[in-house]
Number of protein chains: 2
Amino acid sequence: MVTKTKSQPKREPLSRERVLAAAIEVADEGGIEALTMRGLAEHLGVEAMSLYYHVANKEAIFDGVVDAIVAEIGEEIGGFEVPEKVDDWQAEIRRRILGARAVIMRHKWAPEVIESRTIIAPTVMFYMHGLLGVMIEGGFDYDLGHHAMHALGSRALGFSQELFEPEPGQEQEVEQDLEELIEHLPYIVGMMEVIQHDDPEDTVGWCDDETEFRFALDIILDGLEARRQALPTT
Amino acid sequence: MVTKTKSQPKREPLSRERVLAAAIEVADEGGIEALTMRGLAEHLGVEAMSLYYHVANKEAIFDGVVDAIVAEIGEEIGGFEVPEKVDDWQAEIRRRILGARAVIMRHKWAPEVIESRTIIAPTVMFYMHGLLGVMIEGGFDYDLGHHAMHALGSRALGFSQELFEPEPGQEQEVEQDLEELIEHLPYIVGMMEVIQHDDPEDTVGWCDDETEFRFALDIILDGLEARRQALPTT
DNA sequence: ACCTGAACACCGTTCAAGT
DNA sequence: ACCTGAACACCGTTCAAGT
């Protein structure tokens, strides 16, 4: 073994992979707004300008991060390959989407980054292609498959926009002027009472995200199945 | 009439309302990234710092803009009042949501701003309250109503995240390396061929957003109706 | 080949000062 | 009461220069 040991190398050189991995670390720790070129460089023990040798710009970092997240989804669900025979398309689609969701839950900032891409990432395309393939082999025609992709939307990747949900870390402050709201929002108040009654533990974060996600997902999958069964058999 | 006409006033004074109206104008014209404090001030013929006399900061502008958009939705659908008797909850919900969508279509940057709010705007709360009220009066119990609000998510306000859709102005460039994609993405390619066959006019923007939005909305409404009918009658 | 210092053009925002 | 100039702390990025 010929190794040059002349003075221990202080750090291994940068690379696109290390930059992207660090970017995910920084976002995991401090959220997406913590991911700045200068902050990322500091996290790597390097100057901000050094990053530009390995990535074109910040957008390229976002692109690479999305690729990495989708790759993690691929590991989670065992690849995007479409099986030759699909007996239960609903089960297979649900398995993939809930797997994607598990990954997204580890990187809660990811939806915002994914949505911010103007051109669809090739890896995302491969993921969606897998979903579409499962549906086609499961009895969809292409037209219904197309509708299905749109109906799922971002839910295909395991997330959905919740208008009632605050950002992680910033809990909703419902208490504040609840007094005056009660008379103007009787239905909301009534709903909250029922929900809190069902689950008295939950005080502030009064919704079970996982349950709600599955509820909506099942509605969509059921609706698609009904329309699949209505297809003319050729 | 005693009016002081000593030298024509060059411009009417600023106000919170004028700032917010101008903010919407700027975003309508140049997108949300064009909405900067300096740019907004220039649009108003004023210095950037003057804005801070009327709004606390940029976040407050975003908050106000969301309020204004929801107010516009209110005008579009004739208010958020819940009728005492709801015969066809699906029709009423669909009417409100498609009205909201019409407004969002005029302000395509609005979804991003709405999603960026960490605390739910009071006006948004009123809008959602109206939807919930229609459902309750239409035969939902509070638990199903709660599920429904989550299942609709941002679709309640007339938009949904389309992973395949590029930002307005930046068309998807599918042509680029389509050659190599064909062999890896047979299902996507097959789907595109069928879709283009159905609608040969559409070359690049190959999806009818309105149709897809209604398709997904109907699936959700149908699913909710099925679950409503399954409720125990009390 | 890989990293850096200095500089640029842009942000949002504060604060004391103008009228 | 309403607006402004100067300044600050932060961005992403370019470019010539270092090793």
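Every value quoted in this text rests on a predicted model; they were computed, and no experiment measured them. Protein chains get the first letters and strands the later ones, always in sequence-line order, with residue 1 at the start of each.
Atoms CG (A:Leu35) and P (D:dC11) sit 11 Å apart, rounded to a whole Å. The separation between B:Glu47 atom CD and C:dT13 atom P is 17 Å, rounded to whole Å. Across the protein-nucleic acid pair, B:Glu33 atom CD and C:dA9 atom C1' stand 17 Å apart, rounded to whole Å. In this structure, B:Leu40 atom CG and C:dC11 atom C1' are separated by 14 Å, rounded to whole Å. Here the C1' atom of nucleotide C:dG12 and the CD1 atom of B:Ile32 are 15 Å apart, to the nearest Å. In this entry the distance linking CG of A:Leu14 with P of C:dC3 reads 5 Å, nearest Å. Computed from coordinates, the A:Met37 CE to C:dT4 P distance equals 14 Å when rounded to whole Å. We find that CG of A:Leu44 is positioned 11 Å from P of C:dT4, with the value rounded to whole Å.
Taking the six-membered ring where tryptophan is involved, the planes of B:Phe215 and A:His147 are essentially parallel, since the angle between them stays under 30° and well short of 60°.
A cation-pi arrangement, defined by a distance under 6.0 Å to the six-membered ring centre and an angle within 45 degrees of its axis, is absent between A:Arg101 and A:Phe159. Note that A:Arg117 lies outside the cation-pi zone of A:Phe62, set by a 6.0 Å cut-off to the ring centre and a 45° limit from the axis.
The side-chain contact (heavy atoms from CB on, under 4.5 Å) test applied to A:Thr36 returns A:Arg38, not counting sequence neighbours.
Across every strand in view, C:dA6 sits in a pair with D:dT14 that passes the Watson-Crick or G-U test at under 3.5 angstrom.
Within 6.0 Å of CD in A:Glu25 there are more than 12 heavy atoms belonging to other residues, nucleotides or ligands.
Ion pairing between a basic and an acidic side chain is recognised when a charged N comes within 4.0 Å of a carboxylate O; B:Glu76 and B:Arg96 show no such pairing.
Residues from residues 48-61 of chain A lying near DNA chain D, meaning a heavy-atom separation below 4.0 Å, are A:Met49, A:Tyr52, A:Asn57, A:Lys58 in numerical order.
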